[in-house]
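Below is one structure, written out as structure tokens; the observations come after it.
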Amino acid sequence: MRVEDLPLPTEAKRVLLERGYSELFPPQEEAVRAGLLNGESIVVASPTGSGKSLIALLAGLRALAEPGKRCRVVYAAPLRSLVYERAEEWRSILESLGRRVAVSTGDYDRVEPWLGEADAVMVTYEKLDSLLRHGASWLADVCVLIVDEIHYVGDLRRGPVLETVIARLMAMNDGMQVVALSATISNAGEIAAWLGARLVESNWRPVELREGVFNNYVIEWGDGGESRVEKRTRNHSLDVALDAVADGGQALVFVNSRRKAVELAEKLAAAAANDSEVRRLLDPGGAAGPYVSILRERQEHRELNEKLARLLSLGIGFHHAGLASYQRDVVEKAFRARVLRVLVATPTLAAGVNLPARRVVVDTLYRFRPGRGSEPIKVSEYKQLAGRAGRPGLDPVGEAVIIARTQEQAWEALIGYVQGELEPIVSKLVSEAALRSQVLAVVSSLGVATVAEVARVFERTLYTVQVGPPLEEIDRISWTLSEYGFIDRVGDVVEATETGRRVAELYIDPLTGHRMLRGLEALHSERPPLERLLFLALWSPDATRIRPPRGLHLALEMEAEQLLEDLGFTPYEEVGEADIAVAAEALYTADMLLDWVMEKPEDVILAKYGIDPGDLRGVVETSAWLVYSMAQLARVTGHPAAAYLDKLTVMVKHGVQEELVELVKLPGIGRVRARRLYEAGYRSPSDLAGLNPEQLAQLLRGLGEERARQALAEAQRSARREHRVSKEKLSADGRRGQRSILDYLSG
DNA sequence: ACAGGCTTCCTATAGACAGCATGTC
DNA sequence: CTATAGGAAGCCTGT
């Protein structure tokens, strides 16, 4: 089937042809035959790289390409990176057709407003949930909902969000077309039935995938063949990787810990140092130069950057979530440019943007889970890794190789994984945390309603299809929420309280909100101690924490118990052992955040707490959101610390002390520059207002003139605001003065 | 006396979503 | 009470 022949407006087809789309892949063709372009709901279950993104785009084009017709398209994906990647493509195509595309994720720096006016809105699942909670009225005229990676409905934490959002949108918009895209799953039919969709299933891939198991220097392929592997290093995974490199390809090695990722990369570097053949195989020549210099030019993260730079120049890379985003970016780009021959990575790389390699090496099929030891990963997780094998147009076939330790393990891997059956997707809606959050969200958006009406919203979830409506659970949870003071419940009638609505909008777990409010009660002052406020934010189930070293556990737990008691939570009675352990972690993390807010240099913090740049970023990002939420809750309940918490939000976000809060709000001015300005005597934006851009750029080396202009413009705006406020205050004082005179006269 | 190898004990273990704004002397 | 691997410390052995 050709693009030219599709029932789409000619203008739309012209744009597609310009982008190089001319012939449809088999799954795309099947989707069209199933009614994709007639507005039929469809579930497409097919492998990575089989062209699902074009199916999404076609659905969008079908709805938007016709001039005049009013229809909104929503595209939702599980990762910000996926949303951005997809949005780039959509924007270039839809905007040339005169349609507006908006991206909205929690990543505030990159949010584009005017969602209500956009024709296509591209979001993460949670952002879509958040928009529903805020009652965005335009959601009522969504005519096409595209859900990418819908197998996430089976995810313990994120699945419930996804299925509730889908259920709510289906209920709001009768006849809405749902286009759901999934990796291959075993119960795609059930998912299709849930969504009232037709099912398109396909195993077609643009590059053939061969899967095999390595043992004793032989790869046994699932299709019966065998390949010998040369021993070049002292590590099996690296030998299998080098085998692909010797064949002219690139290899992606998946490991299950960060340490291992770095370690294997280092081992390969050592092998290259000792063996000229290995060195020659990997050698990127001068091509690594630009990537290496990006890393070496950075002022911060010196140690990590040097390690990474040294490896990159040998054609080797590692990748995990501890890396700062610029570091990840460099590694990904270098791999894509074939500068890197071998990349060792944790599973981050499997879920994110498309980064295929000729050969994928699966170092282990086990993964550690706290409290349960190391466990075999799911077949679907393995398939996700394997799916990264094969670059269309560059590799004749993609290969996925599992490294087995023993003959027995090899056999198990072959039967259980290569030929293994995929697990069905099962709804996780009925988990305490998920349901209390979703029930509050629904109650909050319904206004006054009966419990039965609340339950009706959940009738269109996957859970109802698989198990039945969760009536008892909803009833029980609504009592819990009313104990928290987030809903009023009289008999069977429920309504969210003001605080409850705010909790739903802030997108925090109701338990988070409850604990914050209780803790704040014990801190009834305008300026509660900083570390207690940080602790309160970090103790919540929504927080990201870092793990303390084992040696500190005991001391931290004792301190945590005391702190909990001071905050009005009785240890071992209402706070269980598990939550005390969490509190110990929270305390340790609060300590780190305190260093951050006290402006300790980043590298010093990283070394002190034994963490990587990405970890600090993660803690800072979630903590800023939680402290903001705490500020809002304080405001709603009239708590005296509200104003201070507002400041604290900025302090946490930027890592500065209170005196820099105003300066750091200027664009291009972070913690370091703000401190330099302050020390130079510029203590507020109004102190800067008189400067010209050259002067500011000179004051802050490294700040470009354009950024300096932007910062100054903002400083001047803020100075004017300040001026106005003080004038108002003056005149108010003046009036008060007058009144007192009048009072005096009349008295 | 000491280098090198083996054993034992100890420690640490993947990832990543969410708020917020919007004009003006 | 789950599991694995690497690193450090401790011990033994051969020269």
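Convention: sequence-line order gives letters A, B, ...; per-chain numbering from 1. On a predicted model such as this, the values are computed, not experimentally measured, just so you know.
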Considering every strand and a 4.0 Å limit on heavy-atom distances, what is the contact class for [X]: base, sugar-phosphate, or nothing?
{"X": "A:Pro370", "value": "nothing"}
{"X": "A:His134", "value": "sugar-phosphate"}
{"X": "A:Tyr507", "value": "sugar-phosphate"}
{"X": "A:Thr649", "value": "base"}
{"X": "A:Ser629", "value": "nothing"}
{"X": "A:Leu626", "value": "nothing"}
{"X": "A:Glu375", "value": "nothing"}
{"X": "A:Arg502", "value": "sugar-phosphate"}
{"X": "A:Arg80", "value": "sugar-phosphate"}
{"X": "A:Gly618", "value": "nothing"}

If only side-chain N and O atoms of [X] are considered, is one of them under 4.0 Å from the OP1 or OP2 phosphate oxygen of [N]?
{"X": "A:Lys260", "N": "C:dG6", "result": "yes"}
{"X": "A:Arg258", "N": "B:dG15", "result": "yes"}
{"X": "A:Arg259", "N": "C:dA5", "result": "no"}
{"X": "A:Lys127", "N": "B:dG19", "result": "yes"}
{"X": "A:Arg328", "N": "B:dA16", "result": "yes"}
{"X": "A:Thr124", "N": "B:dA18", "result": "yes"}
{"X": "A:Thr348", "N": "B:dA14", "result": "no"}
{"X": "A:Thr622", "N": "B:dA16", "result": "no"}

Using side-chain heavy atoms (C-beta onward) and a distance below 4.5 Å, is [X] in contact with [Y]?
{"X": "A:Val442", "Y": "A:Arg168", "value": "yes"}
{"X": "A:Pro356", "Y": "A:Asn354", "value": "yes"}
{"X": "A:Leu534", "Y": "A:Val652", "value": "yes"}
{"X": "A:His301", "Y": "A:Pro613", "value": "yes"}

Out of [options], which has the shortest distance to the side chain of [X]?
{"X": "A:Ser374", "options": "B:dA16, B:dA12, C:dA3", "value": "C:dA3"}
{"X": "A:Tyr628", "options": "B:dG19, C:dA5, B:dA18", "value": "B:dG19"}
{"X": "A:Arg157", "options": "B:dA12, B:dA16, B:dG15", "value": "B:dA16"}
{"X": "A:Ser130", "options": "B:dG19, B:dA12, C:dG6", "value": "B:dG19"}

5'-most by nearest nucleotide on DNA chain B - A:Arg369 or A:Glu505: A:Arg369
Comparing A:Lys653 and A:Ser81 on DNA chain B - which has the more 5′ nearest nucleotide: A:Ser81
Interatomic distance at P, B:dT13 relative to C:dC1, whole Å: 24 Å
Considering only the P atoms, how many Å lie between C:dG7 and B:dA14, rounded to the nearest integer? 15 Å
Pairing of A:Asp239 and A:Arg234 as salt bridge, 4.0 angstrom limit: no
In this structure, how many angstroms lie between the P atom of B:dG15 and the OH atom of A:Tyr152, rounded?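 Spelled out: OH on A:Tyr152 to P on B:dG15 is 13 Å.
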Write down the distance between NE2 (A:His553) and C1' (B:dT13), rounded to a whole number of angstrom. 13 Å
Would you find more than 12 non-hydrogen atoms of other residues, nucleotides or ligands less than 6.0 Å from A:Trp138 atom CH2?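 Buried by this count: over 12 neighbours within 6.0 Å.
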